[in-house]
A.B. asks: 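I'd like to ask some things about the structure below.
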Amino acid sequence: MAISALLLVGGTFLSSGKATHSVGVCYGVNGDNLPSKQAVVDLYKTNGIGGMRIYSPNEETLEALRGSNIELIMDVAGETIQSLTNSDAATNWVNKYVTPYSNDVKFKYINVGNEVHPSNTVAQYILPAMTNIHNAISSANLQDQIKVATSIDGTVITNSYPPNNGAFTADAMPYITPIIKFLVENGTPLLANVYPYFAYANDQQHVSLAYALFTQQGNNDVGYQNLFDAMVDSIYAALEKVGASNLQIVVSESGWPSNGGNGATTENAGTYYANLISHASGTSGTPKRPGIPIETFLFAMFDENQKPGAETELHFGLFTPDEATKYRLSFN
């Protein structure tokens, strides 16, 4: 797939009667050399990127987003989640970070908890905090505009191949089932971080590079052309098994590093991002949910030189900190 496929960033599709950007980009700030918040928002706008995810509320970013028409996922900072189990604290949080901006910032999802594992101490606070944030948003009469969600990763899924066998792990069930009930009741998608890169890098014996990069010709023996669809559909299968077959998945992160690990090259990353954008923006969908675009947020806007973890974590940016594209990408 040609890199020019990235022209599709900013394309829209219709969902529940609303125009929705199918592809956005996550904006991480773990770097000491990143552009100003206003410069970042301007970079989104000039490149036609229609969605942004930020990992904690930042008033400077919110000010810069006013009037931009960029749809926003805003995470609750992890260290704040426990405090929001108090309803007054949740109301104060919404009154500080949401309502003052709601007329001209396009909040779409408030995300409570990113990849929280069921054994994590914070897991017990996720649903109460979600409920309180939702109630505060409803009190501000914003419930039709802003939905309250949480994002999972693949560790809560077992038997993911073939995808139809996907199920939530036994450990995850007590944690995730009431959250799914909340999402269904409120018409909110489940957010999921989906990384074919890590599946490939950790198991090259069984996962081919072509399958991970969308470049495989034809389908495999269970009907899949690419690993991304298989991973998404394994989550859909898990949702079906808990009676939530109508729940939508939004891919809240997906990316490929350009350095630091197996298969982490600029060429592979450029291929992955181009093909993912083309696929997510198109109408093929996944085998279990055909015919509709896949709302997806690419990870990430910039290389982040202070990001903790493996070396690959430093190299997920679409842009370098001086705002140059790493992949000669054209967005408009």
Side-chain angles (χ1 to χ4, degrees), residues 9-28 37 40-41 44-45 47-59 61-77 84 90 93-114 126 129-152 179 182-194 232 247-254 277 280-281 292-301:
V9 167
T12 63
F13 65 89
L14 294 180
S15 176
S16 303
K18 297 180 181 179
T20 302
H21 289 277
S22 53
V23 177
V25 180
C26 301
Y27 170 29
K37 304 298 192 292
V40 171
V41 172
Y44 274 74
K45 292 192 291 186
N47 284 281
I49 301 170
M52 175 187 288
R53 180 182 178 184
I54 59 176
Y55 290 90
S56 63
N58 180 278
E59 289 163 291
T61 303
L62 293 172
E63 287 291 344
L65 283 167
R66 288 189 187 274
S68 67
N69 213 37
I70 294 170
E71 294 184 331
L72 183 65
I73 299 177
M74 184 168 74
D75 283 36
V76 174
L84 299 182
W93 190 93
V94 169
N95 288 341
K96 181 176 183 179
Y97 295 119
V98 179
T99 51
Y101 306 96
S102 60
N103 287 336
D104 46 11
V105 173
K106 295 190 72 173
F107 294 102
K108 191 168 188 187
Y109 308 118
I110 302 298
N111 186 56
V112 183
N114 182 48
I126 298 298
M130 291 174 70
T131 300
N132 287 339
I133 292 288
H134 169 77
N135 290 342
I137 286 171
S138 297
S139 295
N141 202 31
L142 296 170
Q143 69 277 5
D144 292 334
Q145 172 190 344
I146 307 169
K147 300 298 184 180
V148 181
T150 193
S151 58
I152 64 168
I179 288 174
F182 171 92
L183 297 175
V184 170
E185 289 173 348
N186 292 290
T188 306
L190 176 66
L191 307 188
N193 298 343
V194 178
V232 171
L247 196 63
Q248 179 191 358
I249 292 168
V250 168
V251 177
S252 45
E253 286 182 14
S254 190
I277 289 167
S281 301
I292 56 172
I294 307 160
E295 189 174 357
T296 299
F297 287 76
L298 308 183
F299 187 88
M301 196 66 174

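Values below: all heavy atoms of this structure, side chains included; hydrogens, waters and symmetry mates excluded.
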A.B. asks: Looking at every heavy atom in both Val25 and Ala300, which two are closest together, and how far apart are they?
C.D. replies: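 Taking Val25 first and Ala300 second, the nearest heavy atoms are CG1-C, 3.7 Å.
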
A.B. asks: Out of curiosity, Ile249 CD1 to Ser151 OG, how far, rounded to the nearest 0.5 Å?
C.D. replies: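 Answer rounded to 0.5 Å: 12.5 Å.
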
A.B. asks: For Ile70 and Ile49: C-alpha separation, side-chain torsions, deciding distance, then whether side chain to side chain contact (heavy atoms under 4.5 Å, CB included) applies.
C.D. replies: CA-CA 8 Å; Ile70 294 170; Ile49 301 170; over 6 Å; no

A.B. asks: How long is the gap from OG1 on Thr150 to CG on Asn111, to the nearest 0.5 Å?
C.D. replies: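 Reported value, rounded in 0.5 Å steps: 5.5 Å.
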
A.B. asks: So do Tyr109 and Glu295 actually touch side chain to side chain, heavy atoms under 4.5 Å?
C.D. replies: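 Glu295 vs Tyr109: side chains touch.
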
A.B. asks: Between the main-chain N or O of Glu253 and the side-chain N or O of Arg53, is there a donor-acceptor pair closer than 3.5 Å?
C.D. replies: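 Absent.
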
A.B. asks: After noting the C-alpha distance and the side-chain angles of Leu191 and Phe297, does the key distance pass the side chain to side chain contact (heavy atoms under 4.5 Å, CB included) rule?
C.D. replies: CA-CA 10 Å; Leu191 307 188; Phe297 287 76; over 6 Å; no

A.B. asks: From Tyr55 OH over to Asp75 CG, what is the distance, rounded to the nearest 0.5 angstrom?
C.D. replies: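 Reported value, rounded in 0.5 Å steps: 6.5 Å.
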
A.B. asks: At what distance, to the nearest 0.5 angstrom, does CE of Met74 lie from CD1 of Ile110?
C.D. replies: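 Met74 CE to Ile110 CD1: 4.0 Å, rounded to 0.5 Å.
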
A.B. asks: Kindly indicate whether the side chain of Thr99, heavy atoms from C-beta on, has any atom under 4.5 Å from the side chain of Phe107.
C.D. replies: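 Result no, sub-4.5 Å side-chain heavy-atom pair not found.
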
A.B. asks: Taking C-beta and beyond as the side chain, do Leu190 and Ile152 meet within less than 4.5 Å on heavy atoms?
C.D. replies: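 Touching, per the 4.5 Å side-chain cut-off.
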
A.B. asks: Quick one: does Asn47's side chain get under 4.5 Å of Lys45's, heavy atoms only?
C.D. replies: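 A side-chain contact is absent here, since even the closest heavy-atom pair is not under 4.5 Å.
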
A.B. asks: For salt bridge (Lys or Arg N to Asp or Glu O under 4.0 Å), just list the numbers for Glu63 and Lys37, CA-CA rounded to whole Å, side-chain angles, deciding distance to a tenth of an Å, and then say yes or no.
C.D. replies: CA-CA 9 Å; Glu63 287 291 344; Lys37 304 298 192 292; over 6 Å; no

A.B. asks: Looking only at non-hydrogen atoms, find the nearest pair between Cys26 and Ser252 and report the distance.
C.D. replies: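 For Cys26 and Ser252, the tightest heavy-atom pair comes out as SG-O, 3.3 Å.
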
A.B. asks: Can you tell me how far the OG1 atom of Thr188 sits from the CZ atom of Phe182, to the nearest 0.5 Å?
C.D. replies: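 Answer for the OG1-CZ pair, Thr188 versus Phe182, is 6.0 Å.
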
A.B. asks: May I ask you to test the Leu84-Val112 pair for a side-chain heavy-atom distance under 4.5 Å?
C.D. replies: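 No; the side chains remain at least 4.5 Å from each other.
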
A.B. asks: Out of curiosity, Gln248 CD to Leu183 CG, how far, rounded to the nearest 0.5 Å?
C.D. replies: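 The distance works out to 11.5 Å.
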
A.B. asks: Can you check whether Asn193 reaches Asn114 side chain to side chain, under 4.5 Å on heavy atoms?
C.D. replies: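 Asn193 vs Asn114: side chains touch.
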
A.B. asks: For Leu72 and Met52, what are the C-alpha separation, side-chain angles and deciding distance, and is it a side chain to side chain contact (heavy atoms under 4.5 Å, CB included)?
C.D. replies: CA-CA 5 Å; Leu72 183 65; Met52 175 187 288; 4.0 Å; yes

A.B. asks: Does Val194 offer a backbone N or O that forms a donor-acceptor pair with the side chain of Ser254 under 3.5 Å?
C.D. replies: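 It does hold such a pair.
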
A.B. asks: Say whether, by atom type as modelled, one donor and one acceptor occur between the side chain of Tyr44 and the main chain of Leu65 under 3.5 angstrom.
C.D. replies: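 Pair absent, no side-chain N/O of Tyr44 close to backbone of Leu65.
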
A.B. asks: So which atom in Gly113 and which in Ile126 form the shortest heavy-atom distance, rounded to 0.1 Å?
C.D. replies: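 Result for this residue pair: CA-CD1, 3.9 Å.
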
A.B. asks: Grab the two heavy atoms, one from Leu247 and one from Pro189, that are nearest each other, plus how far apart they are.
C.D. replies: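 Scanning both residues completely, I find the closest heavy atoms to be CD1-CA, 4.5 Å.
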
A.B. asks: If every non-hydrogen atom of Ala77 is compared with every non-hydrogen atom of Ser56, which pair is closest and at what distance?
C.D. replies: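 Heavy atoms of Ala77 and Ser56 come nearest at CB-CB, 3.9 Å.
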
